[in-house]
Protein chains: 2
Amino acid sequence: MRLTRAGEYGIRCVLHLARHGKGALVSRKEIAVRTDVPPHFLAKIAQQLSRAGIIEILQGANGGYRLLTDPSGITLLAVIEAIIGEISLNDCVGRPESCQNSTLCTVHRVWNKANQQLRATLQETNFATLASEEACCLTPFPETGDHKRPNGKK
Amino acid sequence: MRLTRAGEYGIRCVLHLARHGKGALVSRKEIAVRTDVPPHFLAKIAQQLSRAGIIEILQGANGGYRLLTDPSGITLLAVIEAIIGEISLNDCVGRPESCQNSTLCTVHRVWNKANQQLRATLQETNFATLASEEACCLTPFPETGDHKRPNGKK
DNA sequence: TCTATATAAGACTAAATATATCTTATATAT
DNA sequence: ATATATAAGATATATTTAGTCTTATATAGA
Ligand code: SF4
Ligand code: SF4
């Protein structure tokens with residue numbers, strides 16, 4: 001009953017992009033370093049985010065990733081489910097046919113309720129809110145300890 | 001982000017016992033057959049429920065399992081966590097030290113909230129309620145289609 | 001006491017999933 | 001053209017899940 005690393009990394013990636021704003025291009029390498037995600041693993045995660053329509057991937061020299069929509073329109077739920085699929089706390093929630101008793105089962109109803117509640121909570125949170133707060137979950141730049149470089153140098 | 005089979009089986013086991021009431025002795029075999037759980041797997045799960053103080057295990061001929069407390073005092077949460085450990089939706093919820101940013105991280109706070117909410121929902125449900133309702137998630141007896149045998153024969 | 005029956009406890013196995021990494025191909029700025 | 005960057009899929013490893021097997025122990029009843 002735990003989010004996968006891939007899911008966690010996906011959130012970090014989108015959060016980092018959100019801090020740069022919609023449309024800003026950020027290289028995979030920078031995201032990988034700043035969010036402490038293995039670069040090749042990030043590539044796979046980015047592909048899933050891309051298929052879900054959350055980010056756009058630009059190939060070639062000076063390529064990278066960027067958000068397709070405004071951070072305020074991207075929910076935590078959307079990012080998580082783009083990576084790990086629709087949240088289902090018990091097998092019978094996502095696939096009622098996996099248990100022949102699901103239509104009658106009182107436990108099943110509790111799981112359905114809990115599942116819906118969890119998804120609602122994650123849907124309430126968007127990345128504009130997350131990115132706007134001072135505190136963040138990204139690795140600071142070693143030289144300054146800041147999360148944003150004071151100048152534009154690489 | 002899914003309950004394990006062991007967790008699901010633990011719930012079935014306790015629900016079956018709850019339908020017989022506190023203190024009623026039911027053989028492992030009957031529980032295994034009626035809830036569609038592999039007998040040896042059920043044995044392991046029962047040991048965890050026993051350590052958690054939810055059931056008592058009686059060895060020897062005519063042995064079996066029985067509830068130690070009234071079903072109304074046993075929550076869905078208690079049974080699940082006896083099997084899979086404390087629910088933690090993200091690694092940093094259960095082990096904040098696993099991510100050095102957890103004290104500042106805004107995402108972390110969302111996870112904490114969602115986790116607490118989920119646990120609260122599962123704690124609201126007790127096995128007296130689950131067992132009292134007509135519908136249930138146990139395999140009916142083949143002969144009658146009922147969930148309770150009309151007489152005491154094995 | 002002996003035997004049949006039941007669970008205890010832990011070792012063991014198989015399958016699935018998670019967590020990456022590696023390789024080859026493709027796209028783009030310069 | 002070349003250097004740089006990501007795409008896409010194959011491969012590898014580790015962990016977890018799910019279930020089985022074996023040997024030991026406890027109890028009821030003959
Ligand atoms: S018994 Fe109920 S809770 Fe368990 S898998 Fe079946 S429908 Fe779901
Ligand atoms: S970055 Fe935040 S949400 Fe992610 S693991 Fe660390 S504390 Fe938790």
| query | Taking N126(B) for the side chain and T129(B) for the main chain, is one N or O donor matched with an acceptor at less than 3.5 Å? | reply | yes
| task | Output yes when at least one side-chain N/O atom of Y9(B) is less than 4.0 Å from OP1 or OP2 of dG19(D), else no. | result | yes
| query | To the nearest Å, how far apart are L42(A) CG and dT19(C) P? | reply | 15 Å
| message | If you compare all heavy atoms of K113(A) against all heavy atoms of T121(B), which two are closest, and at what distance to 0.1 Å? | response | CE-CG2, 4.4 Å
| task | Mind listing the closest non-hydrogen atom pair of F127(A) and I11(A) along with its distance? | result | CE2-O, 3.7 Å
| request: Find the distance between CZ (R119(B)) and OG (S88(B)) and round it off to the nearest 0.5 Å. | output: 10.0 Å
| message | If I take atom CZ in residue R5(A) and atom P in nucleotide dT21(C), what distance separates them, rounded to the nearest angstrom? | response | 12 Å
| message | On the nucleotide dA18(D), are OP1 or OP2 found under 4.0 Å from the side-chain N or O atoms that R2(B) carries? | response | yes
| Rounded to the nearest Å, what distance is computed from the CD1 atom of residue I84(A) to the P atom of nucleotide dT19(C)? | 11 Å
| Are more than 12 heavy atoms from other residues, nucleotides or ligands located less than 6.0 Å from atom CD of Q116(B)? | no
| remark: F41(B) atom CZ is separated from dG10(C) atom C1', nearest whole Å, by 15 Å
| Distance, rounded to the nearest Å, where H40(B) contributes NE2 and dA11(C) contributes P | 16 Å
| field | Rounded distance in Å - NZ (K44(A)) to C1' (dA8(D)) | value | 7 Å
| note | Here the distance between atom C1' of dT17(C) and atom CE of M1(B), to the nearest Å, is 15 Å
| remark: Between G60(B) and P38(A), whichever has its closest DNA chain C nucleotide further toward 5' is G60(B)
| task | Find which nucleotide of DNA chain D each of Q59(A) and N62(B) is nearest to by heavy atoms, and output the residue with the more 5' nucleotide. | result | Q59(A)
| field | Nearest listed nucleotide, side chain of Y65(A), among dA3(D), dT6(D), dT21(C) | value | dT6(D)
| request: Report the nucleotide, chosen from dA29(C), dA18(D), dT19(C), that has the shortest atom-to-atom distance to any side-chain atom of T4(B). | output: dA18(D)
| said: Against T125(B), only a single residue in L130(B), L77(B), T75(B) fulfils side-chain contact (heavy atoms from CB on, under 4.5 Å); can you say which? | reply: L130(B)
| request: Please work out which residues in residues 46-58 of chain B have a non-hydrogen atom less than 4.0 Å from an atom of DNA chain C and list them by number. | output: Q47(B), I57(B), L58(B)
| message | Is R28(B) close enough to dA6(C) that one of its side-chain N or O atoms is under 4.0 Å from OP1 or OP2 there? | response | no
| task | Using atom CD1 of I83(A) as one end and atom P of dT19(C) as the other, report the distance to the nearest whole Å. | result | 12 Å
| field | Heavy-atom pair with the smallest gap, counting every atom of T35(B) and R12(B) | value | O-NH1, 2.9 Å
